[in-house]
Amino acid sequence: MAGHPQDENQIITERRNKLAAIRKAGIAFPNDFDRTHLAGDLLASFGEMNHDQLEAEQIHVAVGGRMMLKRVMGKASFATLQDMSGRIQIYISNGDSGEEVHDAFKHYDLGDILGAVGVLFKTKTGELSVRASQVRLLTKSLRPLPEKFHGLSDQEQKYRQRYLDLITNEEARRVFMTRTKIIQAIRDFFIRHDYLEVETPMMHSIPGGASAKPFETHHNALDMKMYLRIAPELYLKRLVVGGFEKVFEINRNFRNEGLSTRHNPEFTMLEFYEAYRDYKYLMDFTEKLLREVAQKVLGTTLISYQGKELDLGKPFHRLTMVQAIQKYHPQFSTEQLNDRDFVVAELIDLKAKYKPEDGLGGLQLSLFEELAETQLFEPTFIIDYPVEVSPLARSSDANPEITERFELFVLGRELANGFSELNDAEDQEARFDAQVLAKEAGDEEAMFKDSDYVRALEYGLPPTAGEGIGIDRLIMMLTDSASIRDVILFPQMRPEA
RNA sequence: GGGUCGGUAGCUCAGCCGGUAGAGCAGCGGACUUUUAAUCCGUUGGUCGCGAGUUCGCAUCUCGCCCGACCCA
């Protein structure tokens, strides 16, 4: 048995020795155990029955799971098994199973996977339990579990070894089960609204649909550079051109940027497009979606996040950037905030990042990010984004400097971004050309020109509204999770030393 | 990139004004036929993140590095 992992210790050695003895005695990893019941189902079905009722019924069950607790008392023992549904206690005694089975059980370790066959009964203290006539070791666990009471508390280990976090931490299991329910509820919502779920490429030869740095890779057979997608947007709109007038996709995007409590390099995005709608329709639709998902998954629209409350049932706020700044800084007049020199002076005063070449709209956006964004705890649509930062959005007929676009902020974070789509092929081509100039001038996040996308628009995209919603952030909100790493099963980490 | 905090037994943690490393859980041995973080007795287990430095002597003090959490950019 040479060549074991680096971190062998006395406990692991002891368990390997036990496994060696088991191998000698027969099949060490049997797969013929026929589990008939789950712990949670038994509790739900029979938890209310009293001792005498259970004795009368004689309910035979075969349960399996990981042994989480173990109490040996000479000629009888209790163990707690954990399966996908919950925990159930089993009772093993010389009288019920024979001395040999019980003696073998005494050498099983916490973390071992066991199968037990027996009859349900209630203990003196009223806990539903299985009186085992048989107990078998199904899988020997070679590594000791985290401390049984405190569980795993090291954040790094929770992320790197999520399986351990899931074994020991019920809250972690709850979060990820809720994650799945949220995504199912979203999917249901769109399917009920006659949307078609589609999958578009994750590998792009021209990364598009967002302003972000892409990951690069290489296709050997074609000998060409490829990019992991930063957004599916341009492909989904091609599908609307093709006549799929309501489409959505829930899938991964990749952005080559820093890690933080709100950013993981790969993250899940919902994007959806609907023809013959505009951005105002989208705002109403988004409110409805979020309300329905919360109601369905949490049973309420009242959200408690990191000690603060908000109600998704109330109408969402709708403000322009200038109004949002004024909400938290009423000392600024509308005239001042529409005065380029004034805004620049404020940005310099705040030591904020901004691009000096930006027009008024871009500068207002910088000031908004500095002064208002993180304060927008209650759901708030910010509308009227400037054209210069919205190269794929339709400009407003009333004011060509702004677009029919909104971003939704909740908990001080961007959650969604939507707009009436730019369907004027010639305008789109001009906007791409402006982005290419910006890229050449050094803006790494400026967009690439996608000529095939322009060609698609030249065939005609109906008036369309489209939106993206950050699913991980939505899940953070609905599960009261402080970090994006708490809602991604295997978050990106530096390699282990 | 900057700041704060942290890294000691498999896990949860103490020790840190320098003097050769501790507890609980887990493990091992023993007692115990209704326990439930079982209890009781005994006991094994450590490259104190890594590397330099200071010192007669460093888990402890200094510097650098690595990893992580949180905050800021």
Side-chain angles (χ1 to χ4, degrees), chain A residues 4-19 21 39 43 51 54-55 66-82 86-99 101-103 105-112 118-132 140-161 164-165 167-170 257-263 306 347 350-354 366 369-370 373-374 412 481-486 491-497:
Chain A
H4 290 311
Q6 56 305 59
D7 56 345
E8 289 287 329
N9 62 45
Q10 183 192 14
I11 293 176
I12 295 176
T13 302
E14 182 71 40
R15 292 188 179 201
R16 284 194 195 281
N17 291 340
K18 288 180 183 176
L19 175 58
L43 264 308
H51 182 270
L54 286 167
E55 288 302 316
R66 189 182 297 276
M67 180 160 67
M68 302 304 291
L69 294 169
K70 178 187 180 190
R71 297 173 286 279
V72 176
M73 302 164 300
K75 296 189 178 61
S77 299
F78 286 95
T80 302
L81 300 189
Q82 176 171 294
R87 292 181 170 196
I88 185 98
Q89 177 169 266
I90 62 175
Y91 174 76
I92 308 102
S93 70
N94 288 0
D96 295 306
S97 64
E99 196 171 338
V101 166
H102 187 225
D103 283 346
F105 168 82
K106 289 178 186 174
H107 294 285
Y108 298 163
D109 293 295
L110 293 185
D112 286 352
V119 176
L120 288 181
F121 77 110
K122 274 260 166 98
T123 63
K124 273 202 265 193
T125 52
E127 178 160 349
L128 185 71
S129 307
V130 178
R131 185 191 306 277
K140 184 70 197 166
S141 169
L142 295 174
R143 289 176 176 271
L145 288 179
E147 206 263 350
K148 65 187 175 189
F149 186 59
H150 297 94
L152 187 60
S153 73
D154 182 316
Q155 278 298 336
E156 180 182 359
Q157 210 177 347
K158 282 160 79 89
Y159 297 148
R160 286 195 195 278
Q161 294 180 267
L164 267 188
D165 188 29
I167 289 170
T168 48
N169 187 350
E170 190 179 356
E257 292 157 8
L259 304 169
S260 81
T261 47
R262 288 184 286 282
H263 296 89
Q306 308 290 300
L347 286 167
L350 291 162
K351 299 191 177 73
K353 265 198 304 192
Y354 71 99
S366 297
E369 287 172 351
E370 193 68 25
E373 178 172 334
T374 57
S481 299
S483 171
I484 197 167
R485 290 186 186 140
D486 294 323
Q492 189 61 48
M493 302 286 281
R494 279 167 209 264
E496 277 188 86

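Sequence lines set the chain letters: A, B, ... in the order given, protein chains first and strands last, and positions in each chain run from 1.
- Rounded to a whole angstrom, the distance from the C1' atom of B:A14 to that of B:C32 is 32 Å.
- Checking B:U12, B:A69, B:U33 against the side-chain heavy atoms of A:D154 singles out B:U12 as nearest.
- Residue A:K148 places its side chain closer to B:A38 than to any other of B:C28, B:A38, B:U35.
- When heavy atoms are screened at a 4.0 angstrom cut-off, A:Q89 is found touching base atoms of the nucleic acid.
- Across all strands shown, B:A9 forms no Watson-Crick or G-U wobble pair with both key distances under 3.5 Å.
- Across all strands, A:I11 comes closer than 4.0 Å to base atoms (heavy-atom distances).
- Here the side chain of A:E156 is nearest to one of B:G10, B:G68, B:U33, namely B:G68.
- Atoms CD (A:E369) and P (B:C72) sit 15 Å apart, rounded to a whole Å.
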Identify all pairs in which a protein N or O lies below 3.5 Å from an N or O of nucleotides 45-48 of chain B, and state each distance.
unit_1 : atom_1 : unit_2 : atom_2 : d
B:G45  : O4'    : A:Q10  : OE1    : 3.1

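- Nucleotide B:G27 holds its P atom 7 Å from the NZ atom of A:K18, rounded to whole Å.
- Searching all strands for a Watson-Crick or G-U wobble partner of B:G42 with both distances below 3.5 Å returns B:C28.
- For A:L69, taking side-chain heavy atoms from C-beta onward, the closest of the listed nucleotides B:U33, B:A38, B:A69 is B:A38.
- Proximity note for A:T261 (side chain, C-beta onward) versus B:A69, B:A38, B:C70: the nearest is B:C70.
- With hydrogens and angles ignored, no donor-acceptor pair closer than 3.5 Å exists between the side chain of A:E127 and the base of B:U35.
- For B:U33, its base sits under 3.5 Å from the side chain of A:Y91 at one donor and acceptor pair at least.
- Of all nucleotides present, only B:C56 satisfies the Watson-Crick or G-U wobble test against B:G19, with each distance under 3.5 Å.
- The structure places OG1 of A:T168 at 13.0 Å from NE2 of A:H150, a figure rounded to the nearest 0.5 Å.
- A:R87 comes within 4.0 angstrom of nothing in the nucleic acid, heavy atoms only.
- On the P atoms, B:G53 is 48 Å away from B:U39, given to the nearest whole Å.
- For the pair A:S77 and B:U35, the criterion of a side-chain N or O lying under 4.0 Å from OP1 or OP2 is not met.
- One interatomic measurement links the two molecules: CG of A:L110 to P of B:A26, which rounds to 7 Å at whole-angstrom precision.
- Between the NZ atom of A:K158 and the C1' atom of B:C67 there is a distance of 18 Å, rounded to whole Å.
- In this entry the distance linking CG of A:L350 with P of B:A73 reads 11 Å, nearest Å.
- A donor and an acceptor atom never sit less than 3.5 Å apart when one is taken from the side chain of A:S153 and the other from the base of B:U12.
- When both distances must be under 3.5 Å, the Watson-Crick or G-U wobble mate of B:A37 does not exist.
- What separates CZ of A:F78 from P of B:U39 is a distance of 15 Å, to the nearest Å.
- Pair assignment for B:C65 gives B:G49, based on Watson-Crick or G-U wobble hydrogen-bonding distances that are each under 3.5 Å.
- Checking the phosphate oxygens (OP1, OP2) of B:A38, a side-chain nitrogen or oxygen of A:R71 falls inside 4.0 Å.
- More than 12 heavy-atom neighbours from other residues, nucleotides or ligands sit within 6.0 angstrom of CD on A:E55.
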